[in-house]
Amino acid sequence: MAHDHHQHEHGHGHEHAHHDHTDIDWAELAPMLEDQAELYTPLYERAMAWLAKPQTEPGLVVDAGSGPGVVSCLLADTFPGARVVAVDGSEPLLERASERAGRLGVADRFGTLVGELPDALDELEYPADLLWASWSLHHLGDQKAALAAFAARLAPGGTLALLEGSLPTRYLPRDFGIGRPGLQARLDAVHEEWFGEMRAALPGSVDEIEDWPTLMTSVGLKPTGTRSFLLDVPAPTADRARRCAVTAFTRMRDVLGERLDADDRATLDRLVDPDDRAGLHHRPDLFVLAARTVHTAVRPV
């Protein structure tokens, strides 16, 4: 399982509906995953700057659930003295990550590790000084056990940076002239149901209260901060934001469509139709507004 694809976004935003975990061709999805992560780069850069203040010179930085490595390479850029290891279950995505590291000139201190989380972390040669996990944890049935495994791979004094939860991404005004106003709020509610069922179906699924600092405390870490970072791409948007919005709504229609009433399904069909002048391909009022929340904790020395 991979992450910029997990990353794609839930918040409980719906780009997350991207991955229904069956028969996914990650190589085919890779360009879209990269496109989206690149759109979110300003947000990630602010998160990295925040992480860099207390964590000045890590030796090993691990991106647990790296996807195609956009964030992994940002970590390499933020911490120029560190070795960065991208960990993911998808070999095609890790190949993209290595190619990106080569293009950006950080290949000499960039490695990849293919395998499922959290067990793949056991293959690390030495403990991590910073472990970044963005929307990879909620794809693991027993989140507390996975957090304990993450913590076990930290060096004493090392930091776990966990991106989970967050707010739903918004793309359109409440009333955008097609169908009933409030479509995105209704999609949120349907997505919450879908997400709960996805979690319940995971192997070894355990219900946890999603109080991430408390969970990190329960596995022996010491919480050090929580902060949210904003991506604000106002209308009218550039091509990348428009592509990402089309992808997000297409995935919502594919994954959540059967749960929606006929009116909302018809609205989604119009929004993703490239020939509909009221659709996402043409709308002047399309924007992207997202918040991502990062929780940090350290392994006591």
Side-chain angles (χ1 to χ4, degrees), residues 4-20 29 31-47 70 134-135 138 163-196 198 228-293:
D4 287 323
H5 30 180
H6 294 153
Q7 204 242 107
H8 16 250
E9 309 269 322
H10 142 95
H12 290 136
H14 313 285
E15 300 97 307
H16 192 270
H18 282 37
H19 38 285
D20 168 7
L29 280 180
M32 176 272 293
L33 299 178
E34 288 179 349
D35 211 23
Q36 188 179 59
E38 287 167 358
L39 175 67
Y40 279 72
T41 288
L43 180 154
Y44 291 123
E45 286 175 340
R46 288 190 287 276
V70 176
S134 171
W135 279 334
H138 67 245
L163 193 161
E164 282 291 348
S166 308
L167 297 176
T169 302
R170 285 289 179 263
Y171 301 93
L172 292 167
R174 183 190 67 89
D175 187 345
F176 52 87
I178 310 177
R180 286 183 295 141
L183 173 69
Q184 289 171 105
R186 292 191 297 279
L187 289 171
D188 291 344
V190 172
H191 179 269
E192 290 289 351
E193 281 187 11
W194 174 88
F195 183 78
M198 182 278 291
S228 296
F229 302 91
L230 196 66
L231 177 72
D232 183 7
V233 184
T237 57
D239 290 347
R240 174 173 281 144
R242 196 172 292 278
R243 285 195 305 271
C244 290
V246 170
T247 298
F249 277 84
T250 301
R251 293 284 173 180
M252 283 187 255
R253 187 192 59 178
D254 293 348
V255 176
L256 306 177
E258 294 306 309
R259 299 168 182 257
L260 303 174
D261 64 30
D263 287 346
D264 283 346
R265 263 201 313 277
T267 300
L268 278 180
D269 285 342
R270 288 196 63 187
L271 284 174
V272 301
D273 182 352
D275 297 323
D276 193 320
R277 298 303 301 179
L280 296 169
H281 292 81
H282 307 286
R283 300 189 67 92
D285 58 354
L286 176 69
F287 59 88
V288 181
L289 184 61
R292 300 288 177 260
T293 302

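Residues Leu268 and Leu260 form a side-chain contact, since some pair of their non-hydrogen atoms from C-beta on lies under 4.5 Å apart. Side-chain contact between Val288 and Asp232 is absent, with no heavy atoms from C-beta onward closer than 4.5 Å. Considering only heavy atoms from C-beta on, Arg283 comes within 4.5 Å of Ile178 through its side chain. No side-chain heavy atom of Glu164 sits under 4.5 Å from any side-chain heavy atom of Thr293. Looking only at side-chain heavy atoms (C-beta outward), Met198 and His138 come within less than 4.5 Å of each other. Residues Arg180 and Arg186 have side chains in contact (heavy-atom distance under 4.5 Å, counting atoms from C-beta outward).
Arg174 contributes no side-chain N or O that, together with a main-chain N or O of Gly182, makes up a donor-acceptor pair within less than 3.5 Å. A donor-acceptor pair is defined here as one N or O able to donate and one able to accept, closer than 3.5 Å; such a pair exists between the side chain of Thr41 and the backbone of Ala37. Using a distance-only test at 3.5 Å, with no hydrogens or angles considered, no donor-acceptor pair links the side chain of Arg46 to the main chain of Phe229.
Taken from CG in Leu271 to CG in Leu280, the straight-line distance is 4.5 Å, to the nearest 0.5 Å. Note: Met252 CE to Leu183 CG = 8.0 Å, rounded to the nearest 0.5 Å. Atom CZ of residue Arg259 and atom CD of residue Glu193 lie 6.5 Å apart, to the nearest 0.5 angstrom. With values rounded to the nearest 0.5 angstrom, Phe176 atom CZ is found 9.0 Å from Asp285 atom CG. Here Thr237 contributes atom OG1 and Arg240 contributes atom CZ; the two are 12.5 Å apart, rounded to the nearest 0.5 Å.
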TODO: Please test Leu289 against Leu231 for side chain to side chain contact (heavy atoms under 4.5 Å, CB included), starting from the C-alpha separation and ending with a verdict.
DONE: CA-CA 6 Å; Leu289 184 61; Leu231 177 72; over 6 Å; no

- [ ] For Asp264 and Arg253, run salt bridge (Lys or Arg N to Asp or Glu O under 4.0 Å): C-alpha distance rounded to whole Å, both residues' side-chain angles, the deciding distance at 0.1 Å, then the answer.
- [x] CA-CA 9 Å; Asp264 283 346; Arg253 187 192 59 178; over 6 Å; no

Let me see the working for Leu230 and Leu43 under side chain to side chain contact (heavy atoms under 4.5 Å, CB included), right down to the final yes or no. CA-CA 6 Å; Leu230 196 66; Leu43 180 154; 5.8 Å; no

- Message: Show, in sequence, the C-alpha distance, side-chain angles and deciding distance for Arg170 and Asp188, and conclude whether the side chain to side chain contact (heavy atoms under 4.5 Å, CB included) test is met.
- Response: CA-CA 10 Å; Arg170 285 289 179 263; Asp188 291 344; 2.6 Å; yes

- Query: Under the side chain to side chain contact (heavy atoms under 4.5 Å, CB included) criterion, do Asp269 and Asp273 qualify, and how do the steps go?
  - Reply: CA-CA 6 Å; Asp269 285 342; Asp273 182 352; over 6 Å; no

*asked:* Run the side chain to side chain donor-acceptor pair (under 3.5 Å) test on Arg292 and Tyr40 for me, step by step, so that the C-alpha distance in whole Å, both residues' side-chain angles and the decisive distance to 0.1 Å come before the verdict.
replied: CA-CA 10 Å; Arg292 300 288 177 260; Tyr40 279 72; 3.2 Å; yes

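The two residues Ala278 and Arg270 come nearest to each other via the heavy atoms CB-NH2, 3.7 Å. Closest of all the heavy-atom pairs between Thr169 and Gln184 is O-OE1, 4.2 Å. Of all heavy-atom pairs spanning Pro284 and Ala235, the tightest one is O-CB, 3.4 Å. Residues Thr267 and Gly179 come closest through the heavy atom pair OG1-CA, 3.6 Å. Closest approach of Ala291 to Ser166, counting heavy atoms only: O-CB, 3.2 Å.
Listed by first and then second residue, the ring pair (Phe, Tyr, Trp, His ring centres under 6.0 Å) pairs that reach into residues 237-289 are Tyr171-Phe249, sequence neighbours excluded.
Using the six-membered ring where Trp is involved, Phe195 and His191 have ring planes that are parallel, under 30° apart on the 30 and 60° scheme.
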